[in-house]
Peer 1: 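Following this message is one structure expressed as structure tokens.
Every heavy atom of this structure was used, including side-chain atoms; hydrogens, water molecules and symmetry mates were not.
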Amino acid sequence: MVIHISNKIHPSSEIDEGVKIGQNCIIGPFCSISADVQLEDEVELLSHVSLAGSTLIGRKTKIWPFSSIGHQPQDLKFSGEHSEVILGEKNKIRECVSINPGTSGGGGVTKIGNECLFMLGSHVGHDCNLGNKIVLANNASLAGHVVLEDGVHIGGLSGIHQFVRIGEGAFVGALSMVNKDVIPYGMVYGERARLMGLNLVGLRRTGFKAELINDLKTVYSEIFSESGTLKSRLEIIEDKGNPLVSKLLTFVSGENNRSLLGP
């Protein structure tokens with residue numbers, strides 16, 4: 001193992017011979033890193049971090065104490081097959097976070113984008129696919145095969161059922177159990193979560209113009225009206241080039257393993 005002169009590694013940490021470490025990394029005390037792990041440039045492990053398996057930690061990611069990434073997934077069907085965790089750039093992984101690798105039943109990869117925040121005690125299950133700028137608040141948990149698109153926020157102590165998709169910009173309130181797909185820009189909460197409307201605050205903060213948001217509100221009302229079937233309602237909705245509406249229609253009409261969470 002070649003360690004670049006720019007890296008700072010505490011002597012109490014255990015690093016296997018095959019680990020690949022970029023430049024300007026900081027590895028604090030009592031960390032454990034196994035042979036197939038790769039750290040890109042400027043990664044920081046504060047202390048007591050455990051990295052295992054075929055795990056890639058992207059540039060400028062910071063990991064707080066007692067986090068566990070890449071260890072055997074919590075899936076009884078897992079039989080030791082090759083699996084991976086791919087973590088993007090500039091992520092913040094707070095204390096006691098766990099991220100499991102993939103399994104053969106889900107493609108073998110758990111993938112996370114850039115600039116996400118995983119707060120204390122949050123969990124990402126096997127074969128999950130997460131986009132960019134996602135926030136999981138304290139003790140939020142994702143079961144296996146969950147898909148989160150860009151900009152999703154999950155409130156504290158919430159649980160997401162396996163195979164659920166949550167669309168771009170959606171907001172899940174604290175203490176929620178989500179067992180169906182959530183539309184892009186949707187706002188859901190409740191012990192058995194229900195769709196409570198659109199995440200209007202998030203849309204405005206993102207900078208979307210009022211005209212686009214108003215069109216989305218109209219389409220939302222049409223999709224979840226009580227007349228006819230969902231398929232028949234979708235057939236009469238016009239896109240008109242609104243990117244918010246296009247995203248919503250594509251999500252609702254796409255293939256999925258679970259039904260759609262409604263009002």
Peer 1: Quick one: pull up CG in Leu230 and CD in Glu235 and give me the separation to the nearest 0.5 Å.
Peer 2: 10.0 Å
Peer 1: Has Arg94 got a side-chain atom pairing as donor or acceptor with Trp64's backbone, closer than 3.5 angstrom?
Peer 2: no
Peer 1: Evaluate the side-chain proximity of Val49 to Ile93: yes if any heavy-atom separation is below 4.5 Å, no if none is.
Peer 2: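 No, too far: nothing below the 4.5 Å cut-off.
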Peer 1: Following the transitive rule for hydrophobic clusters with a side-chain heavy-atom cut-off under 4.5 Å over Ile, Leu, Val, Met, Phe, Trp and Tyr, establish whether Val164 and Val135 coincide in one cluster.
Peer 2: no
Peer 1: Give, for atom CG of Asp150 and atom SG of Cys116, the distance between the pair rounded to the nearest 0.5 Å.
Peer 2: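 If we round to the nearest 0.5 Å, Asp150:CG and Cys116:SG are 8.5 Å apart.
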Peer 1: Other residues, nucleotides and ligands only: do more than 12 of their heavy atoms fall within 6.0 Å of CD on Glu238?
Peer 2: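 Counting neighbours around CD of Glu238, 12 or fewer heavy atoms of other residues, nucleotides or ligands fall under 6.0 Å, so no.
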Peer 1: I'd like to know if Ile99 and Val147 are part of one continuous hydrophobic network [Ile/Leu/Val/Met/Phe/Trp/Tyr, side-chain heavy atoms within less than 4.5 Å].
Peer 2: no
Peer 1: Side chains of Asp16 and Ser34: donor-acceptor distance under 3.5 Å anywhere?
Peer 2: no
Peer 1: Before giving the answer on salt bridge (charged side-chain N to carboxylate O under 4.0 Å, His left out), spell out for Asp41 and Arg59 the whole-Å C-alpha distance, their side-chain angles and the decisive distance to 0.1 Å.
Peer 2: CA-CA 5 Å; Asp41 295 345; Arg59 187 177 64 91; over 6 Å; no
Peer 1: Specify whether Tyr185 and Phe208 have parallel, tilted or perpendicular ring planes, treating 30° as the upper limit for parallel and 60° as the lower limit for perpendicular.
Peer 2: perpendicular
Peer 1: Nearest 0.5 Å, please: how far is OG in Ser50 from CG in Leu45?
Peer 2: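 Separation between the atoms: 10.5 Å.
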Peer 1: Looking at side-chain heavy atoms only, is the closest gap between His10 and Cys31 below 4.5 Å?
Peer 2: no
Peer 1: Take Val188 and Ile166 through the test side-chain contact (heavy atoms from CB on, under 4.5 Å) and record every step on the way to the result.
Peer 2: CA-CA 10 Å; Val188 305; Ile166 299 184; over 6 Å; no
Peer 1: Nearest 0.5 angstrom please: Ser32 OG to Glu14 CD, how far?
Peer 2: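 Those atoms lie 6.0 Å apart.
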Peer 1: Going by heavy atoms in the side chains, are Phe251 and Glu149 under 4.5 Å from each other?
Peer 2: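 SC-SC contact between Phe251 and Glu149 confirmed.
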Peer 1: Take Asn100 and His123 through the side-chain contact (heavy atoms from CB on, under 4.5 Å) test and state the conclusion after the steps.
Peer 2: CA-CA 8 Å; Asn100 287 173; His123 171 70; 3.6 Å; yes
Peer 1: Between Lys60 and Glu89, is the salt bridge (charged side-chain N to carboxylate O under 4.0 Å, His left out) condition met? List the steps.
Peer 2: CA-CA 6 Å; Lys60 290 189 175 181; Glu89 300 181 351; over 6 Å; no
Peer 1: Do you reckon Val43 sits in the same ILVMFWY cluster as Val97, going by side-chain contacts under 4.5 Å, direct or chained?
Peer 2: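 In one cluster with Val43: Val97, yes.
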Peer 1: Test of understanding: clusters of I, L, V, M, F, W, Y form through side-chain heavy atoms closer than 4.5 Å, transitively. Do Ile160 and Met119 belong to the same one?
Peer 2: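 Different hydrophobic clusters.
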Peer 1: Out of curiosity, Ile33 CD1 to Ile57 CD1, how far, rounded to the nearest 0.5 Å?
Peer 2: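 Here the interatomic distance stands at 9.0 Å.
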Peer 1: Check step by step if side-chain contact (heavy atoms from CB on, under 4.5 Å) holds for Asp36 and Thr55.
Peer 2: CA-CA 7 Å; Asp36 292 331; Thr55 296; over 6 Å; no
Peer 1: Within this structure, what is the NZ-CG distance for the pair Lys20 and Leu56, rounded to the nearest 0.5 Å?
Peer 2: 10.0 Å
Peer 1: Counting neighbours of OH on Tyr189 that are heavy atoms of other residues, nucleotides or ligands and sit closer than 6.0 Å, is the number greater than 12?
Peer 2: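 Count not over threshold, so no.
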Peer 1: Can you confirm whether Thr229 sits close enough to Lys231 that some side-chain heavy atom of one is under 4.5 Å from a side-chain heavy atom of the other?
Peer 2: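 Of all side-chain heavy-atom pairs linking Lys231 with Thr229, at least one is under 4.5 Å.
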Peer 1: Please assess Val245 against Lys240 for the test side-chain contact (heavy atoms from CB on, under 4.5 Å), listing each intermediate value before the final yes or no.
Peer 2: CA-CA 8 Å; Val245 172; Lys240 297 181 180 178; over 6 Å; no
Peer 1: Using a 4.5 Å cut-off on heavy atoms from C-beta on, say whether the side chain of Ile154 contacts that of Val178.
Peer 2: no
Peer 1: Can Leu203 be reached from Leu248 by stepping across I, L, V, M, F, W or Y side chains whose heavy atoms are under 4.5 Å apart?
Peer 2: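 Yes, same cluster.
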